[in-house]
There are 2 protein chains.
Amino acid sequence: MRSDTRAGRLPDPPSPIADDGDAVRFCRTCAFAGACLAVGYGKPELEALHCLVEHVGPYRPGDHVFRTGDPFRAIFAVRAGTVKTSLVDRDGREQVLGFYLPGEVIGLNAIYPEQFPCDAIALENAQFCRFSFPAMSALATRMPAVQQHLFRLLSKELGTASLLAGDHSADERVAAFLCDLGERYAARGFSGTRFALSMSRGDIANYLRLASETVSRVLTRFRSQGLIALEGRQVELCDPQGLRRIGESLLSG
Amino acid sequence: MRSDTRAGRLPDPPSPIADDGDAVRFCRTCAFAGACLAVGYGKPELEALHCLVEHVGPYRPGDHVFRTGDPFRAIFAVRAGTVKTSLVDRDGREQVLGFYLPGEVIGLNAIYPEQFPCDAIALENAQFCRFSFPAMSALATRMPAVQQHLFRLLSKELGTASLLAGDHSADERVAAFLCDLGERYAARGFSGTRFALSMSRGDIANYLRLASETVSRVLTRFRSQGLIALEGRQVELCDPQGLRRIGESLLSG
DNA sequence: CCCGCTTCTTGATCAGGATCATTCCGGAAG
DNA sequence: CTTCCGGAATGATCCTGATCAAGAAGCGGG
């Protein structure tokens, strides 16, 4: 599993960490870092965490990590790659709920219904840490730090979910989307101004509740205004300040 | 506090419970019922719950229960009345995040930022159970049922938050809004087909990301189609099935 | 290298809902 | 009763972004 045949020369230097051997380095950027590090490496509690973590993957682009209706047993931290979550209503229309980068957690919205309310689909080759939820909440009972962490993760996601709901112009949405992605990449140790959009224009549009044509147009205009540089799915935020100003109503208040 | 001068003859027979004396009856419909009842009345654990619950109120229409930026110390279960939560962006535009009926819980989205990210404003005379959050999470550590309950509440709210985000027509939004309110009233023991809208058309519109004129027009049309009866803020769902059909894309998938 | 597919871009037109403006209604105060 | 005022209903117009349509560009496979 260390080095497989697909180890070609992918042109992504700021690529997500896919190195299974470097658990410590990965864990520092993971959303569970707070919980994991709180217990301290070497202590017996860490054993408990390790017992309930299971590395799964790799998944290839388009693979499902879980599907709508699957019984809820675990949450997943993204180790490598990117994932989108989406739901499909009965007339078959897809609805993208979110994109998740390395270090972020998916599956939290399945706790209440006790089954996954959405699909999770890998956008790139992806790997995960799988946390058994029953084991996790049992652990949380014994370790306040873990419980606190779960509460925070849930509450945080709650905050971001309500942002998309506002009525905002296409410009605001796209600008905020780019800023948000940049900040999240930066928080995980990648470049926050230069990265690849791992999702299609259609997925972006769907997520932002716009038509893909509109996304194209806005991106093109942003480029002509010097706010971004764009080449296929590679994007550079040339004027993060300006973008932030445009999207600010979605970003902080 | 029991009977003050404003005890006029308000025409709302299906009024929320405002009777301080009937704790048991109220608690059965409260969102914490599962947690509270799980420990069983009379057991020592109940003492713990009672210690961290504090009844607050009454608040008058327009009063703030908490404000954006207030330090987060507690979550609130609505005992009586209705509340809206909303945030105000820097250009002063209000954004209604949700309406909360008796038995529902507000403040969960403050856990992560550790301060309230929104205002909570009473729409009617309102009272609350205030749960100290540090005490609550300490209790959750000792009582898995409470912890489980908090996780579920958070996860549930996460689910509803993502529904509004979809791109839906004005008709769908209004129909789903009415159905949702009805179902929530029904779940708390009130009539699910005949109730008063405690919020203004403007608030509804804001919540649904529509203009208030649009809400007016849709309601008028629904009435002329026989889907609802409407008189001021009193509404009756004459054809809940039909409404549900219209709004179904927002209601379950 | 060409083919066929998907994704992306760009243009032209259309429509749903926002906005502006006016009127109507119901309750509170005088 | 009249006046006043905010919320609500209704009409007229405008604008953003969706939709329809067509072409360009990337990409994997033969």
Side-chain angles (χ1 to χ4, degrees), chain A residues 6 8-12 60-62 84 93-96 121 123-124 164 166-177 196-225 228-235 246 249, chain B residues 5-6 8-12 60-62 84 93-96 123-124 164-175 177 196-225 228-235 246 249:
Chain A
R6 64 174 160 74
R9 61 251 75 80
L10 304 174
D12 37 12
R60 326 204 116 242
K84 72 170 175 183
R93 290 182 307 183
E94 183 183 16
Q95 163 103 276
V96 174
I121 300 169
L123 296 172
E124 305 168 304
L164 258 294
D167 66 329
H168 302 281
S169 70
D171 284 21
E172 290 174 320
R173 285 173 191 272
V174 175
F177 174 72
L197 301 169
S198 51
M199 68 295 285
S200 71
R201 300 288 194 273
D203 280 340
I204 296 173
N206 189 313
Y207 173 64
L208 298 176
R209 319 314 172 198
L210 298 170
S212 62
E213 295 93 328
T214 304
V215 172
S216 267
R217 278 185 252 269
V218 172
L219 287 176
T220 302
R221 184 153 36 75
F222 280 179
R223 179 172 51 185
S224 75
Q225 293 169 342
I228 61 172
L230 190 66
E231 195 183 323
R233 292 191 174 184
Q234 281 291 333
V235 65
I246 295 172
S249 67
Chain B
T5 48
R6 64 176 160 74
R9 60 250 77 79
L10 304 174
D12 38 10
R60 327 201 115 244
K84 71 170 175 183
R93 292 182 307 180
E94 184 183 15
Q95 162 103 278
V96 174
L123 296 172
E124 304 168 304
L164 258 294
D167 65 328
H168 302 281
S169 71
D171 283 22
E172 289 174 321
R173 285 172 192 271
V174 174
F177 174 73
L197 301 169
S198 50
M199 66 297 286
S200 71
R201 300 289 192 274
D203 281 340
I204 297 174
N206 189 313
Y207 173 64
L208 298 177
R209 320 312 172 199
L210 299 170
S212 63
E213 294 93 328
T214 303
V215 172
S216 269
R217 279 185 250 269
V218 172
L219 287 176
T220 303
R221 185 152 35 76
F222 280 180
R223 180 172 52 185
S224 76
Q225 294 170 342
I228 62 172
L230 190 64
E231 195 183 323
R233 292 190 173 185
Q234 282 290 334
V235 66
I246 294 172
S249 67

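In the text below, chain A, chain B and the rest are named by the order of the sequence lines, each starting its count at 1.
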If an axis is fit to five pairs at each end of the helix from C:dC1-D:dG30 to C:dG30-D:dC1, what is the angle between the two, to the nearest 10°?
40°
Using a 3.5 Å distance criterion without hydrogens, assess whether the side chain of B:Asn206 forms a donor-acceptor pair with backbone atoms of B:Val96.
yes
Reckon A:Arg233 touches a base, only the sugar-phosphate, or nothing at all at heavy-atom distances under 4.0 Å?
sugar-phosphate
Evaluate side-chain contact (heavy atoms from CB on, under 4.5 Å) for B:Ser249 paired with A:Arg93, printing each intermediate quantity in order.
CA-CA 10 Å; B:Ser249 67; A:Arg93 290 182 307 183; 4.2 Å; yes
Closest non-hydrogen contact found for B:Leu123 with B:Ser198 is CB-O, 3.7 Å
Between A:Gly166 and A:Arg173 the two heavy atoms that sit nearest each other are O-NH2, 2.8 Å
So how far is it from A:Asp167 CG to A:Arg209 CZ, rounded to the nearest 0.5 Å?
14.5 Å
Applying side chain to side chain donor-acceptor pair (under 3.5 Å) to B:Arg201 and not counting sequence neighbours gives none
Residues of residues 199-206 of chain A with any non-hydrogen atom less than 4.0 angstrom from an atom of DNA chain D: list those, numerically ordered, please.
none
Check side chain to side chain donor-acceptor pair (under 3.5 Å) between B:Glu94 and all other residues, then give those that pass, not counting sequence neighbours.
B:Lys84, B:Ser86
Expressed as a whole number of angstroms, how long is the span from B:Arg93:CZ to C:dA18:C1'?
13 Å
Output yes when a side-chain donor or acceptor of B:Gln234 lies under 3.5 Å from a complementary backbone atom of B:Glu231, and no otherwise.
no
Check DNA chain C against residues 164-171 of chain B and give the residues with a non-hydrogen atom under 4.0 Å, in numerical order.
B:Ser169, B:Ala170
Just the table, please: protein N/O against nucleotides 19-21 of chain C N/O, every pair under 3.5 Å.
residue : atom : partner  : partner atom : Å
C:dT19  : O4   : B:Arg217 : NH2          : 3.0
C:dC20  : N4   : B:Glu213 : OE2          : 3.1

Rounded to whole Å, CZ of A:Phe222 lies from P of C:dT10 at a distance of 15 Å
Side-chain polar contacts of residues 211-223 of chain B - donor-acceptor pairs under 3.5 angstrom, sequence neighbours left out - could you list them?
residue  : atom : partner  : partner atom : Å
B:Thr220 : OG1  : B:Ser216 : O            : 2.8
B:Arg221 : NH1  : B:Asp171 : OD2          : 2.9
B:Arg221 : NH2  : B:Asp171 : OD1          : 3.0
B:Arg223 : NH1  : B:Leu230 : O            : 3.3

At the 4.0 Å heavy-atom cut-off to chain B, mark where contacts on DNA chain D begin and end, going 5' to 3'.
D:dG7 to D:dA12
Considering every strand and a 4.0 Å limit on heavy-atom distances, what is the contact class for B:Leu210: base, sugar-phosphate, or nothing?
sugar-phosphate
Once side chain to side chain donor-acceptor pair (under 3.5 Å) is applied, do any residues pair with A:Ser200, and if so which ones, sequence neighbours excluded?
none
Using a cut-off of 4.0 Å on non-hydrogen atoms, how would the nucleic acid contact of B:Arg209 be classed: base, sugar-phosphate, or nothing?
sugar-phosphate
